[in-house]
Amino acid sequence: MDLLSLSCCLLAIFLSLSPALSTNSEGNALHALRTGLSDPNNVLQSWDPTLVNPCTWFHITCDSNNHVIRLDLGNSNVSGTLGPELGQLKHLKYLELYMNSLSGEIPKELGNLKKLVSLDMYGNKLEGQIPKAFAKLKSLRFLRLNNNKLTGTIPRELTALSDLKVFDVSNNDLCGTIPVDGPFANFQMESFENNRLNGPELQGLVPYDFGC
């Protein structure tokens, strides 16, 4: 066997022993997500980390360049926590995680998903604050975080999201006042009900975190 053939043979053996090398960063991020979740209905059984990319997995949609653009796990009876790895899905446009039993805090790394259009995480058990990093999601049109256990204020940084059309944080434990700038001027009060919010802020009269 010549040196070139031997090198190729050794490389093939090495790759077969190292399945992580054959996956891309998006596949690694999704596999990390799966590792942190309990999946009693086996909805994630097709998520095979040894594949070159995750575009053949159920609940995943890719574009023509094999980039993950949609993750659909809504109403899938999964539980567990979300890790920072989700922020590696740089081409993601739709993140649908609603109506599960997800707990813990929302990773601030989701603010890295610059192409995100829709973020639906309602109907879970998420805690902690709404990440200020969401202000970096300039393409975001739909943000639904209602029916969780979120605390703290509504970040004023979100008023810069000029494309935001739907915002729902009802049925949490948020405090402070409701923003009135930017897209918040158009949201119905139902989007904020059943919190500890003090109504629309009176600019210049009280701090926005009044009552927290």
Side-chain angles (χ1 to χ4, degrees), residues 11-134 136-137 139-140 142-152 172:
L11 178 61
I13 294 173
F14 181 67
L15 290 176
S16 68
L17 295 175
S18 305
L21 293 177
S22 64
T23 64
N24 60 17
S25 61
E26 294 178 328
N28 289 338
L30 291 168
H31 187 249
L33 171 64
R34 180 187 180 183
T35 301
L37 296 180
S38 175
D39 175 28
N41 295 345
N42 289 322
V43 298
L44 305 177
Q45 62 181 349
S46 66
W47 289 27
D48 184 352
T50 65
L51 299 179
V52 174
N53 65 62
C55 295
T56 59
W57 299 356
F58 291 152
H59 312 291
I60 299 296
T61 303
C62 292
D63 62 14
S64 58
N65 295 316
N66 288 332
H67 292 305
V68 176
I69 59 172
R70 188 175 187 116
L71 170 56
D72 285 299
L73 286 178
N75 201 23
S76 295
N77 195 31
V78 295
S79 60
T81 58
L82 303 176
E85 297 85 3
L86 277 176
Q88 298 174 20
L89 302 175
K90 299 297 181 63
H91 300 271
L92 198 66
K93 294 183 178 180
Y94 301 91
L95 180 55
E96 308 298 329
L97 298 173
Y98 58 87
M99 297 298 292
N100 287 294
S101 295
L102 300 174
S103 56
E105 297 188 357
I106 301 174
K108 64 180 186 300
E109 287 80 7
L110 295 186
N112 296 330
L113 306 178
K114 302 296 181 59
K115 296 185 178 181
L116 204 62
V117 173
S118 179
L119 176 55
D120 286 324
M121 307 178 81
Y122 61 86
N124 282 286
K125 301 175 182 178
L126 296 169
E127 302 173 341
Q129 300 189 5
I130 300 172
K132 294 180 179 180
F134 281 3
K136 297 188 292 184
L137 304 176
S139 298
L140 197 64
F142 306 96
L143 178 56
R144 286 173 279 234
L145 303 172
N146 49 294
N147 296 83
N148 278 288
K149 299 179 179 180
L150 299 174
T151 55
N172 279 286

(request) Heavy atoms only: give me the nearest M121-L145 pair and the separation to one decimal. (result) CB-CD2, 4.0 Å
(request) Taking the side chain as every heavy atom from C-beta outward, state whether L30 and L89 have any pair of such atoms under 4.5 Å apart. (result) yes
(request) Spell out, as yes or no, whether a donor-acceptor pair under 3.5 Å connects the side chain of N100 to the backbone of S79. (result) no
(message) Is the shortest side-chain heavy-atom distance between Y94 and T61 below 4.5 Å?
(response) no
(request) Can you measure from CG (N28) to CG (L33) and round to the nearest 0.5 angstrom? (result) 12.5 Å
(message) S118 and side chain to side chain donor-acceptor pair (under 3.5 Å): which single residue from E96, K93, R70 fits?
(response) E96
(request) Determine yes or no for a side-chain-to-main-chain donor-acceptor pair under 3.5 angstrom, with E105 supplying the side chain and G128 the backbone. (result) no
(request) Please name the pair of heavy atoms, one in N124 and one in Y98, separated by the smallest distance, quoted to 0.1 Å. (result) ND2-CA, 4.0 Å
(request) Determine the minimum heavy-atom distance between Y122 and N148, stating which atoms define it. (result) CA-ND2, 3.8 Å
(request) Ignoring hydrogens and angles, tell me if any N or O in the side chain of N65 forms a donor-acceptor pair with the backbone of H67 under 3.5 Å. (result) no
(request) Identify the residue among L119, L113, L116 that makes a side-chain contact (heavy atoms from CB on, under 4.5 Å) with F134. (result) L119
(request) Mind listing the closest non-hydrogen atom pair of L137 and K114 along with its distance? (result) CD2-N, 4.4 Å
(request) Taking the side chain as every heavy atom from C-beta outward, state whether K90 and N112 have any atom pair closer than 4.5 Å. (result) yes
(message) Less than 4.5 Å apart, side chain to side chain, heavy atoms only: is that true for I130 and I106?
(response) no
(request) Determine the minimum heavy-atom distance between N147 and N172, stating which atoms define it. (result) N-ND2, 3.9 Å
(message) For I69 and L92: C-alpha separation, side-chain torsions, deciding distance, then whether side chain to side chain contact (heavy atoms under 4.5 Å, CB included) applies.
(response) CA-CA 4 Å; I69 59 172; L92 198 66; 5.6 Å; no
(message) Quick check: closest heavy atoms across S25 and Q88, and the distance to 0.1 Å?
(response) O-OE1, 3.6 Å
(request) Answer yes or no: is there a side-chain heavy-atom contact under 4.5 Å between S101 and K125? (result) yes
(request) Spell out, as yes or no, whether a donor-acceptor pair under 3.5 Å connects the side chain of W47 to the backbone of G27. (result) no
(request) Using atom types as modelled and distance alone, determine if a side-chain donor or acceptor of N53 lies under 3.5 Å from a backbone N or O of C55. (result) yes
(message) Within this structure, what is the CG-CG distance for the pair D120 and N146, rounded to the nearest 0.5 Å?
(response) 8.5 Å
(message) Within this structure, what is the CG-CG distance for the pair L95 and L82, rounded to the nearest 0.5 Å?
(response) 8.0 Å
(message) Check this for me: K136, atom NZ, are more than 12 non-hydrogen atoms of other residues, nucleotides or ligands nearer than 6.0 Å?
(response) yes
(request) Drop me the distance from K115's NZ to D63's CG, to the nearest 0.5 angstrom. (result) 7.5 Å
(request) May I ask you to test the N24-P54 pair for a side-chain heavy-atom distance under 4.5 Å? (result) yes
(message) With rounding to the nearest 0.5 angstrom, report the NE2 to OG distance, H59 to S46.
(response) 6.5 Å
